[in-house]
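This report concerns only the one structure given below.
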Amino acid sequence: MQNRQEKISQVVVTAGQMRDIEKRIFAAGMPVVALMEKVAGLIARRIQEIPPTSVKKAYSVPLNTPFLRESPQAGGSRVGILVGPGHNGGDALVVARELHFRGYEIWIYSPFSKLKELTSQHLQYAQSLGIPIYQTIEQLPDSDLLIDGLFGFGLERNLTDPIASAINQLNELSVPIYSIDLPSGLHTDTGEVLGTAIRATYTFCLGLWKLAFFQDQALEYLGKAELIDFDIPLADVEAVLKDAPRIKRITRATALATLPLPRPPVTHKYKEGHLLLICGSRRYAGGAILTGLGARASGVGMLSIAVPESLKSLLVSHLPEALIVGCPETETGAIAQLQLPENTDLSSFNAIACGPGLTRDATPIVQEVIKSDCPLILDADGLNILAQMGAIATLKKRQPVTVLTPHTGEFQRLFPDVPDAKHDRVQAVREAATQSGAVVLLKGARTAIANPQGAVWIVPESTPALARGGSGDVLTGLLGGLLAQAATKQIPVEDIVATAAWWHSQAGILAAQERTELGVDAFTLTQYLIKALT
């Protein structure tokens, strides 16, 4: 049974849902002032524990020096607090007070004339303690660290001058900035920059993960993100989210609960899933190899790979354990027709993955597999051909499970009438899955997966090392192998898709750590798939 902390770490909420959860907490009797004290105390403690990743050059502090853990009297512990008009500003002021009492040199930037009552009281008390307060950006003294408490979750309007100009000037300082809840200026749900936004070094997300943390457009502003769990009752979370389609972070614990896929003591290869890969062409032979290597790592019991006849010997040399099916090919070197072994048809397989390296000359092949009654993954040219056929209308005619794995460009071709995935990828992938009846995996820095019922899974971390040709082919093979195995074990398709995406990203992260981001080509990636689980 999952513990509370693990359950909380999976939850992702919108601004509206977070407001409703907080209303329940306050209605139950939790004083706002008590919650503010608790949250700010946790933040103050973490600020003292985390070493800065960058510092103002004037102080010549070495990287990774935990200056806030040194004696304040030794110098190098000047902290600037940026205070907004709401309770986010109140949180920041309590942090200011706590650090002041620990001997740190604190100053406060408070540019707003009207503050919420509780925030105003904290500002008044800070002033009584002798903490200097500044109202204009030009007055601010030097600091080693800035704490951003200007705006929390729920901001919806564009920031304008003078605060927008002040944020731009603060971003130009070579000083680490730690944001409370969300970097000021980001939309909580879409991650959109509302005019301008703080570029945080570190962000403390309060209570529950907000949707912006998983939108690609917000990532360059978030820095390193951490959840500050202030003990929201699970009952309140469940009460608010019970009727809404869920958005979940895929954690290591949830992924490893599925992997490795369980095997009984007595089994054989066909009981462990039979996957058919349909991929490759004379022009793109590598796509077939990489997809096959991804499938191999999944542990699938039996792997068949259909390729043009001219690629058969090449595939045998790389994947000797697989059954390589050489097919008649077109003049351009694409598969002209499937030529499966005797007494075998598409229904003989537990899953089919189709697309990498095919070229659009293989359109009849894609049309054929879409009509099959087998669980199907479409990627690359499989998606491009589906887009030409009319994705939503075509998929609505299909009864078996279909999984689509587009990047943003392919997604827009498949679903031209769905809102722009670059603006709100979570909403876009949800609408695409709902309209098409497919499970849709939208690749990106934060890969998002949605099922036809509107539930969404998000891969919470990845690496730009995966922005290499062939990385997606590896994912298709890995996912295909897991899907084929899941068909014999009654594991939900959505869990398998989410787990495959998480596993793929973890392999990329591990490879980048050992070889640097530039050293992770797609072939190298396949060698880290098993390592990522150990």
Side-chain angles (χ1 to χ4, degrees), residues 30-53 55-56 59 61 64-112 115-135 139-152 170 173 175-184 198 200-207 224 226-231:
M30 167 62 81
V32 175
V33 64
L35 186 60
M36 184 176 288
E37 289 289 329
K38 179 171 186 174
V39 168
L42 293 170
I43 293 169
R45 187 182 311 155
R46 289 298 293 136
I47 287 171
Q48 294 173 83
E49 293 170 348
I50 301 169
T53 55
V55 293
K56 195 170 183 180
Y59 296 115
V61 181
N64 297 321
T65 297
F67 62 85
L68 289 178
R69 284 181 284 175
E70 296 172 353
S71 169
Q73 289 72 29
S77 297
R78 288 178 282 189
V79 182
I81 310 291
L82 315 178
V83 176
H87 286 167
N88 192 254
D91 292 337
L93 285 166
V94 178
V95 171
R97 184 197 70 205
E98 291 302 298
L99 294 180
H100 168 79
F101 285 144
R102 285 164 176 76
Y104 301 111
E105 185 179 341
I106 306 295
W107 56 257
I108 292 169
Y109 171 56
S110 179
F112 298 94
L115 307 178
K116 279 195 173 183
E117 182 180 2
L118 185 54
T119 303
S120 179
Q121 291 171 350
H122 280 302
L123 183 65
Q124 180 181 343
Y125 186 57
Q127 193 169 20
S128 77
L129 295 173
I131 299 174
I133 299 170
Y134 305 95
Q135 293 183 314
Q139 298 174 308
L140 301 185
D142 289 335
S143 63
D144 300 314
L145 174 68
L146 296 174
I147 308 299
D148 165 32
L150 292 171
F151 302 99
L170 291 166
L173 302 175
V175 177
I177 304 177
Y178 290 179
S179 286
I180 297 175
D181 209 15
L182 199 67
S184 296
I198 289 287
T201 310
Y202 213 101
T203 302
F204 301 106
C205 183
L206 304 183
K224 183 173 177 58
E226 175 182 331
L227 184 68
I228 299 293
D229 180 4
F230 56 80
D231 301 317

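In what follows, residues are counted from 1 in the order of the sequence shown. Only this structure's heavy atoms are used, side chains among them; waters, hydrogens and symmetry mates stay out.
Screening Val33, Val32, Val39 for a side-chain contact (heavy atoms from CB on, under 4.5 Å) with Leu35, the sole residue that qualifies is Val39.
Within a 6.0 Å radius of CD in Glu226, more than 12 heavy atoms belonging to other residues, nucleotides or ligands are found. Around CD of Gln124, the count of heavy atoms belonging to other residues, nucleotides or ligands within 6.0 Å does not exceed 12. Residue Gln121 places its CD atom among more than 12 non-hydrogen atoms of other residues, nucleotides or ligands, all under 6.0 Å distant.
Proximity of Val175 to Asp142: side-chain heavy atoms (C-beta onward) are nowhere separated by under 4.5 Å. The shortest side-chain heavy-atom distance between Pro85 and Thr119 does not fall under the 4.5 Å cut-off. Using a 4.5 Å cut-off on side-chain heavy atoms (C-beta onward), Arg46 and Tyr202 make contact. Side-chain contact check for Arg97 versus Glu37: some heavy-atom pair is nearer than 4.5 Å. Under the 4.5 Å side-chain criterion, counting only non-hydrogen atoms from C-beta, Leu115 is in contact with Leu123. Side-chain atoms of Phe204 and Asp181, non-hydrogen and from C-beta on, never get closer than 4.5 Å to each other. Looking at heavy atoms from C-beta onward, Val95 lies out of side-chain contact with Val79 at the 4.5 angstrom threshold. No side-chain heavy atom of Leu82 sits less than 4.5 Å from a side-chain heavy atom of Ile147.
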Do Tyr178 and Leu146 pass the side chain to side chain contact (heavy atoms under 4.5 Å, CB included) test, and can you show the C-alpha distance, the side-chain angles, and the key distance before you say yes or no?
CA-CA 6 Å; Tyr178 290 179; Leu146 296 174; over 6 Å; no
Please walk me through it: do His122 and Met36 pass side chain to side chain contact (heavy atoms under 4.5 Å, CB included)?
CA-CA 11 Å; His122 280 302; Met36 184 176 288; 3.6 Å; yes
Please evaluate residues Lys224 and Thr203 with respect to the criterion side chain to side chain contact (heavy atoms under 4.5 Å, CB included), reporting the C-alpha separation (whole Å), side-chain torsions for both, the decisive distance (0.1 Å), and the verdict.
CA-CA 6 Å; Lys224 183 173 177 58; Thr203 302; over 6 Å; no
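Distance check: Arg102 CZ to Ile47 CD1 gives 10.5 Å after rounding to the nearest 0.5 Å. To the nearest 0.5 Å, atoms CG (Leu93) and CG (Asn88) are separated by 10.0 Å. Expressed to the nearest 0.5 Å, how far CD1 of Ile228 lies from CG of Leu206 amounts to 7.0 Å. One distance of note links CD1 of Ile106 with CD of Glu98; it measures 10.5 Å at 0.5 Å rounding. Atoms OG and CG, from Ser77 and Leu145 in turn, are 10.0 Å apart once rounded to the nearest 0.5 Å. The CG atom of Leu150 sits 7.0 Å away from the OH atom of Tyr109 when rounded to the nearest 0.5 Å.
In plain terms, the two heavy atoms of Ile108 and Ala126 that are nearest each other are CD1-CB, 3.7 Å. When all heavy atoms of Ser110 and Ile133 are compared, the pair lying nearest together is CB-CG2, 4.1 Å. Of all non-hydrogen atoms in Ile81 and Ala96, the two that sit nearest each other are CG1-CB, 3.5 Å. Taking every heavy atom of both residues into account, Pro183 and Ile198 meet most closely at CB-O, 3.4 Å.
Formation of a donor-acceptor pair under 3.5 Å by the Ser128 side chain with backbone atoms of Tyr125 is found in this model. A donor-acceptor pair under 3.5 Å links the side-chain atoms of Asp148 to the main chain of Ser184, judged by distance alone. In terms of modelled atom types and a separation under 3.5 Å, the side chain of Asp91 and the main chain of Gly149 share no donor-acceptor contact.
Ring orientation note: the planes of Trp107 and Tyr134 are nearly perpendicular, at an angle over 60° on the 30°/60° scale.
With respect to the salt-bridge test (charged N to carboxylate O, under 4.0 angstrom), the residues Glu49 and Arg45 do not qualify.
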